[in-house]
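The next block holds one structure in the form of C-alpha cells; read it before the comments.
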Protein chains: 2
Amino acid sequence: MTAPLPLRLGELERRGLRDRVYDLVLEMLLQGDVEPGSRLSIDTLAKQLDVSPTPVREAMVQLERTGLVTREALKGYRVAPPFGPEELAELFDARLMLELEATRRAAPHADLLLPRLREAHDLHRAWAEQVTAAMAAGEPSTRVTQEYFAADAAFHRAIFECASNRFLLAMHDDLGALTHRLRQAVIRGANDVEEAHAEHAAVLEALERGDVEAATASMRAHIEGVRTRSVREEIAGD
Amino acid sequence: MTAPLPLRLGELERRGLRDRVYDLVLEMLLQGDVEPGSRLSIDTLAKQLDVSPTPVREAMVQLERTGLVTREALKGYRVAPPFGPEELAELFDARLMLELEATRRAAPHADLLLPRLREAHDLHRAWAEQVTAAMAAGEPSTRVTQEYFAADAAFHRAIFECASNRFLLAMHDDLGALTHRLRQAVIRGANDVEEAHAEHAAVLEALERGDVEAATASMRAHIEGVRTRSVREEIAGD
DNA sequence: GTCCGAAAAATCCTATAGGAAATTGGGTTC
DNA sequence: GAACCCAATTTCCTATAGGATTTTTCGGAC
C-alpha cells in the first residue's frame, strides 16, 4: 500500500470546454447586461468566445434548465422574457414552499447548520454594508452588488444543504438562476438590503434557540418581505 | 383578407433530430431494460440510431436533467445507479411536499380540475384492471404496465396542471422520470394497483366534496402508501 | 496465480463543412 | 403608402474528421 499522496489532486474536477462556455454565458446572463427577448445566436457566441459552435450548443442545452433562455426548434435561443406579475407571484409561492420545508428539515441539524449559517450571515452583513455605502455614495458598483447577491444566495443555500434532501437542494438550485435575476430588480430600494439582513438575523436567531416554529415563521416573513419589495420595485420601475 | 385556414397546422410543434433522439433514449431508459451503472456511449448510441454523434450528445445533456443518467467529464455517461434507501426516502419526502402543495392549490379550481381528474381516474381504473388480470394470468405485459404507469402519472399531473403554478409543475416533471423508474419496482405486489386506485378515489372524492383538508390528507395517505409498498418491494426483491 | 505496464482499441471532445430553414432587405404591385 | 413576393444573407442543424483521453487487452515479471 502506498502512502497517501501529499498532493491529492484527485479532488479537482476536470471539466470540458462545454462547462467553461456554460459558466461564461451564465455569468453574462446573470450580470443582466443582455436584453430580455434578444436572440442568442450560437455562431455569434462561438465567434465571441473563440470556440467552435459544438460546445456552445451543448452549453445552451444545459442553460435551458435554468430558465434564463428559451429555445424554439430551428429558430434558436433567446434571452427569457421579463417576468410578468403572475409569473412573479408563482415564483415566490414556489420558493416559499421550498424555503419553509428546507428550514423545517435543516433545523434538527443545528450542529452542521449553525456554523455555516453564521459565517454566511457575517459575509452577508459585510457586503450589505458595502452596498448601502455604495448607494449612499451614488455609485452602484456591479462588482459589489454581485458579491452581495452571492452572499445572499449562500445564506439560503446553507439551509438547503443541511436539509439532507438532495432533491430539495436540486429544486432550489433550479430556481436559483431565476431568483438571482429577480434580485437585481430589488436592489434600488434605499434600505432593502438592511431589511433583508434583519430578516435573515431573525431566522438565524430562531434557529439558534432551536425554535423551529419561529424559524419557519421568520423565513416566511423574509420571503414575503422580498416579495413585497419586488412588487414595489416592479411598480416603481416604470 | 383570406378566410381563416381550415387546417390550422400552426400548432404542431416542429422538432429537430435532437428531440427525437431524446425521446428514444428516454423511452429506452424508462422501459428499464438497460442495467443501472452501465455505460451509455455516445458513438455507440449514434450508430444504433443511425445518426451522427452531435444530436445524440445534445440529447444526453438534456437527459441529465431527468436524473436518469450521470455524466463525468471526459468519461462519458452512465445509467444512473439504483436507488439507495436514503435516496428513496428523500425522493418520497420531496414528492410528498410537492403533491400536498399542488392539491391545496388545485382544489379551488374544481371546475377545471374535476372533469380532467375523473377522466384520468377512469383510465387509471381501466388499466389497473388490465394489470391485475395480466398478473393473475401470470403474463406481466410490459405494454400494459407502461400504459398503467402513464395513467397513474396523468392523474397526478392533472392536479399539478390545475395548481396554476408553472414552477410547481416543472418541479413535478423534473421528478417525473425518477418517479417513473420507481414505479416499476412497485408493480410486483398482488393488489398494489388496486390499493393505489382506491387511494386515488379517496383524493378525488374529497375534491368533489370541496374538502381541501380531506383531500390533502388523502393525498398524504396515498404517497405514504406508495412509499410503504416501495420499501416492501425493496426488501422483498432480493 | 497475481500484479504491473505498455500497446491497442474504444471513447470523448472539439473543429470544420455543407445542406436546410429562417430572417432580412429590396423591388414590385395595388 | 401598404402589402406582397422573391432573392440574398444569416442562422440553425447535422454529418464528418481528427486529436486527446480513457479503457481494455495482452504479455511479462514476481
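In this text, all values refer to a predicted model and were calculated from it rather than measured experimentally. Reminder, nothing fancy here: chain letters follow the sequence lines and each chain counts from 1.
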Item to check | Within 6.0 angstrom of A:Glu86 CD, more than 12 heavy atoms from elsewhere | outcome: yes

Next on the checklist: Does A:Gln31, at its CD atom, have more than 12 non-hydrogen atoms belonging to other residues, nucleotides or ligands within less than 6.0 Å?
Outcome noted: yes

Next on the checklist: Between A:Ser41 and D:dC12, is there a contact of a side-chain N or O with OP1 or OP2 at under 4.0 Å?
Outcome noted: yes

Checklist entry - When all nucleic acid strands are considered with a 4.0 Å heavy-atom cut-off, which category describes B:Leu45: base, sugar-phosphate, or nothing? => result nothing

Checklist entry - Taking only residues two or more places apart in sequence or in another chain, which ones pass side chain to side chain donor-acceptor pair (under 3.5 Å) with A:Arg227? => result A:Asp93, A:Glu224

Next on the checklist: Between the side chains of B:Glu119 and B:Arg116, is the shortest nitrogen-to-carboxylate-oxygen separation below 4.0 Å, so that they form an ion pair?
Outcome noted: no

Checklist entry - Does the distance from a Lys or Arg side-chain N to an Asp or Glu carboxylate O, for A:Arg20 and A:Glu58, drop under 4.0 Å? => result no

Checklist entry - What one-letter contact string describes nucleotides 13-23 of chain C from 5' to 3', where B marks a base within less than 4.0 Å of any protein heavy atom, S marks contact via sugar-phosphate atoms alone, and - marks no contact? => result BBBB----SSS

